[in-house]
Amino acid sequence: MTQSIIQGSSQETTREYSFTPSWLSERWLRQGTSILILYLLLQAELGLAWDRNWHDLVGRDRFWIPPHILLYTGVGGAGLVALIVIFIETLRYARKHDGVDDTSTIPVLGYFHAPLGFVLLGFGALTDLLAAPLDNYWHELYGLDVTLWSPFHIMGTLGGVILGLGAIYMISSEAAYERQKGAASWRILGLSGPEWCAIILLAALIEIALPSLTAFTPANIGTFTLLTYPIPLTMAGVSMLIAIVQLTRKPGAATLMVCVLFLESLGTQSFVPWAIWTTIDRLGFTFRYPGVTPVFNVSIVCMPLVFLLGAIAIDVTAYRQWADKPIDKRTSLKRISLLGLIAAIPTVFLPPLIVDFFRLFPSIGFPRDVLLMLQPSWSDIFPVLLLILIVGPVFAHVGSAFGDIWHLSKQ
Amino acid sequence: MRLSIWLGIGIALLLVVFTLVYVNVSSDSSVAKIGNQTLQAGSYTVNMGFTPDPPQVSNTLTVTLTPHNGQQLSGRVKAVPGLGTDASTITAPLVSEKGSSGVLTGTLTLPVRGAWQIVAELNGPQGQGSAQINLIVAAPHAIPLWFGWLLGLSPLVGVIWFFWQQGRYRRLLLLMKYQHM
């Protein structure tokens, strides 16, 4: 039997790993389906961004509108692929296929065996697909513009969180196997294929939080106003920036992720106005309010700048801590609370400054909600700054903990 | 422990499925029928009827306009949200039914329950005219708000449990990996 044998250098790889054809076929199956699922989730995310703008500009005349089709085929497709992988892995587990055992799968319902990521993906997709008709029902009862905080929007969001977690577990376990392969694994900029996929996916998860700039309206508590948009930006941004460095154990990953986030944001904001104009023209829809039409949202495109300072601080800290150590000796990142603070504070100050900067150029159009929302007074900023000083470090630790798991887990 | 987790997931799924079945087979029977109404649209006298009657939310609603004296008319029909109905205006063209003497039909899908105004805008040999009628769109029975929130938040239990379980898993992984360092 043809096989290549590579001596592992880490403590966990003191035994020899045999990269048999069946073991490699398992990697092909998991990595191939991971890439397919990543594509479907990015498609769903694009559908979500389109859908949000569609609701604002066109309305919600029926369930089967084009953005819903893009969104739900992405979610449903990812769930279906996960289900197929669960069946194949169960079969392979029963046949004692090389690379499919209790260290690489978890038991489900006492009968199935599959990688944790695919199981989570299946549950996330199921949750989202159950939330969809219930959300439609809620809209029928209570109207088109019901707030984000409706029961089945929350259910859909929770499904999305489970889906996203599943996708990261799915990809990160393959990144762990690629590290095990050592020199046999191809790399670009020192990162393996699954690590690149993880960067794209985590950047996409931050991108989902960017519209919170206008979706999270200020809360009036007594005599002061609490700005809420920095909270989801901090939760998503800080946790993911630290998680990606912990996952890869490579300095530079956080800054690279901000660059990828910028590209994703640019792609989404270019696609959405084009898609709305195209479908409006071809399918005979009309805009809800005369004169309110889609525009290229330059403020959202530039929002990744908010995370740049934090990313550089995290990467510099990682470099100082890990530069002289081989990858399997790189323990968890230190000074997590401080890094959380550095990454979180710009989420309060920078969004209004970015909008103010672009308002110097009258030719740049802004969506209505951006102009309405992002003009806070300094007195509004102080209460949320205090809150962010707590949320930032807490979510830095959450990101760090998950980053450790994603670095080490092969399930 | 494991049995109780799967039992919880099973119960939550059953609740969701039962809710979906319930809201799809039941509808609010308190909404009255509209019947065939005779209206004056400028110089034209028309009968306006609806199928189904009363209109149901998210179902196709066919508006039928029958001009008196068999006049040949054209135009469009609009559904304008009434007071308290959170929706946007919907417009559809009125088309002549084949083989009928001037009968016009337009199809609308009203996405939200509650008060709506149906406006017919007509063109014909005697100029333009419009007529409107107010109606209530029926919806499936509303589930109690608390039950909606219970269903909506049910996945949160699983998420919290998963986070707790992963905290323990992380400690185990770190112990296995770095205990020698």
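Naming: A, B, ... by sequence-line order, numbering from 1 per chain.
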Student: Within the 4.5 Å heavy-atom criterion, are B:Tyr169 and A:Asp404 side-chain neighbours or not?
Tutor: no

Student: Step through it carefully: locate the ring centre of A:Phe123, locate the ring centre of B:Phe162, and say whether they are under 6.0 Å apart.
Tutor: no

Student: Is the terminal nitrogen or CZ of B:Arg170 (NZ for Lys, CZ for Arg) located under 6.0 angstrom from the six-membered ring centre of A:Phe402 and within 45° of that ring's axis?
Tutor: no

Student: Can you say whether A:Ile405 sits under 4.5 Å from chain B via the side chain, the backbone, both, or neither, judging by heavy atoms?
Tutor: both

Student: Suppose we screen for side-chain contact (heavy atoms from CB on, under 4.5 Å). Which residues come up paired with A:Leu283, at least two apart in sequence or across chains?
Tutor: A:Pro66, A:Thr279, A:Phe285

Student: Would you indicate whether B:Leu14, at its atom CG, is surrounded by more than 12 heavy atoms from other residues, nucleotides or ligands within a distance under 6.0 Å?
Tutor: yes

Student: Can I get a per-line list of side-chain donor-acceptor pairs under 3.5 Å for residues 126-136 of chain B, giving both atom names and the distance, sequence neighbours left out?
Tutor:
residue  : atom : partner  : partner atom : Å
B:Gln126 : OE1  : B:Gln71  : NE2          : 2.7
B:Gln128 : NE2  : B:Asn123 : OD1          : 3.3

Student: Could you check which of B:Pro155, B:Ser154, B:Gly114 has the highest count of heavy-atom pairs closer than 4.5 Å to chain A?
Tutor: B:Pro155

Student: Are B:Val112 and A:Tyr142 side-chain neighbours, meaning at least one heavy-atom pair lies under 4.5 Å?
Tutor: no

Student: Flag the one option from A:Ser332, A:Gly156, A:Ser409, A:Ala131 with the top tally of heavy-atom pairs under 4.5 Å to chain B.
Tutor: A:Ser409

Student: Let's test your reading of the structure: which of A:Leu158, A:Leu130, A:Leu141 forms the most heavy-atom pairs below 4.5 Å with chain B?
Tutor: A:Leu141

Student: Within residues 109-119 of chain A, which residues come under 4.5 Å of chain B, heavy atom to heavy atom?
Tutor: A:Leu109, A:Leu116

Student: Which value, rounded to the nearest 0.5 Å, describes the distance between A:Leu408 atom CG and B:Leu175 atom CG?
Tutor: 11.5 Å

Student: Relative to chain B, which segment of A:Phe287 carries a heavy atom at a distance below 4.5 Å: side chain, backbone, both, or neither?
Tutor: neither

Student: Would you call B:Lys177 and A:Asp328 a side-chain contact if the rule is heavy atoms closer than 4.5 Å?
Tutor: yes

Student: Non-hydrogen atoms of chain A under 4.5 Å away: do they reach the side chain of B:Leu108, the backbone, both or neither?
Tutor: neither

Student: Do the side chains of A:Pro151 and B:Leu153 get nearer than 4.5 Å, heavy atoms only?
Tutor: no

Student: What residues, two or more places apart in sequence or in another chain, satisfy salt bridge (charged side-chain N to carboxylate O under 4.0 Å, His left out) together with A:Asp128?
Tutor: none

Student: Between A:Met155 and B:Trp149, is the side chain to side chain contact (heavy atoms under 4.5 Å, CB included) condition met? List the steps.
Tutor: CA-CA 9 Å; A:Met155 188 175 177; B:Trp149 279 105; over 6 Å; no

